[in-house]
Each structure stands twice: as C-alpha cells, then as structure tokens.
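What follows is one structure encoded as structure tokens, with my remarks underneath.
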Amino acid sequence: MYKEIEAKIKSYQTIIIHRHKNPDMDAIGSQMGLYYLIKEKYPKKDVYVVGDSNKFDLDDAMQEIEDSLYEDALIFIVDVAVKEMVSDERFSLGKEII
C-alpha cells in the first residue's frame, strides 16, 4: 500500500492535506507531519495544509487557497472517520482522495 501511495504522490504536482474540524494535537500533528514528509522528499511539489484553526494551531500553519488548486490535486484526509467531520468541504473537488 505504501508504494501505491508514493506512486500517487509522485504523479501529482499539487497535494492538499485535510484533517477534522476543531483539531486536536494529533490531527494537526498528523497533517503537519505528512506535509513535512512530502516536502522533505519532494521539495518541488506544491503542498498545502487547510482547515479551521484553534489554540492547537500554534504556528498558524493553515493556508487559505483558491478553489482552482483542487482541480488537479491529490487530496489527503488524515485523522477523520467520517466525511462530515472533514474541515473544509472542498476536499471533494480534488482529482483523487486518499
């Protein structure tokens, strides 16, 4: 499965990472951890983290992005059990979702 995910990452220029609404530390940690993992290995990729902010978003790391970026993007959703809990409903605009 990891090789399949890595192949997907390699095949997209734009990657957008979502997590659940009203994030706790493990939601932000998994989102930011994936962001840094991808950016370290593929520094030329356009990687974004999106979602609502609260006191746990210590670095104010969430980004405001245009809807148009979703058109050809690979979407990751981390630390979410049901789609109703995903912060930023635009995840469904992405080309492919993991």
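For clarity, every value in this text was computed on a predicted model and none was experimentally measured.
- Hydrophobic cluster membership differs between I98 and Y48, with clusters built from Ile, Leu, Val, Met, Phe, Trp and Tyr side chains linked at under 4.5 angstrom.
- Looking at heavy atoms from C-beta onward, K21 lies out of side-chain contact with V86 at the 4.5 angstrom threshold.
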*Does the pair E71 and K95 meet the rule for a salt bridge (charged side-chain N to carboxylate O under 4.0 Å, His left out), with working shown?*
CA-CA 6 Å; E71 189 173 310; K95 190 167 186 178; over 6 Å; no
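- Within the structure, every pair that satisfies the side chain to side chain donor-acceptor pair (under 3.5 Å) test and touches residues 72-83, not counting sequence neighbours, is listed here: H20-D79.
- Separating the CE atom in M1 from the CD atom in E6 is a distance of 13.5 Å, to the nearest 0.5 Å.
- Of the inter-residue distances, the one linking I38 atom CD1 with D46 atom CG reads 12.0 Å to the nearest 0.5 angstrom.
- A donor-acceptor pair under 3.5 Å is absent between the side-chain atoms of Q63 and the main chain of V50, judged by distance alone.
- Side-chain heavy atoms closer than 4.5 Å link hydrophobic residues (I, L, V, M, F, W, Y) into clusters, and following such links, even through other members, never connects V80 to V78.
- Summarising the geometry, atom CD1 belonging to I65 is positioned 3.5 Å from atom CD1 belonging to I16; distances are rounded to the nearest 0.5 Å.
- Heavy atoms only, all atoms of each residue included: A27 and S30 are closest at O-OG, 3.1 Å.
- Remark: the backbone N or O of K10 is paired with a side-chain donor or acceptor of K45 at under 3.5 angstrom.
- No donor-acceptor pair under 3.5 Å is formed between the side chain of K8 and the backbone N or O of K3.
- Formation of a donor-acceptor pair under 3.5 Å by the S87 side chain with backbone atoms of D52 is found in this model.
- Residues L69 and I97 share a single hydrophobic cluster, defined by chaining ILVMFWY side chains whose heavy atoms lie under 4.5 Å apart.
- Atom CD1 of I17 and atom OH of Y36 lie 10.5 Å apart (nearest 0.5 Å).
- The main-chain N or O of A73 is never found under 3.5 Å from a side-chain atom of Q13 such that the two would form a donor-acceptor pair.
- With sequence neighbours excluded, the residues satisfying ring pair (Phe, Tyr, Trp, His ring centres under 6.0 Å) with Y70 are H18.
- The side-chain heavy atoms of D24 and I28, taken from C-beta on, include no pair separated by under 4.5 Å.
- I75 and F91 get closest at one heavy-atom pair: CG1-O, 3.7 Å.
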*From CA spacing to verdict: side-chain contact (heavy atoms from CB on, under 4.5 Å), V49, M32*: CA-CA 7 Å; V49 290; M32 296 307 299; 3.9 Å; yes
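- Judged by distance alone, the side chain of Q31 and the main-chain N or O of I77 form no donor-acceptor pair under 3.5 Å.
- Note: F76 CZ to Y12 OH = 10.5 Å, rounded to the nearest 0.5 Å.
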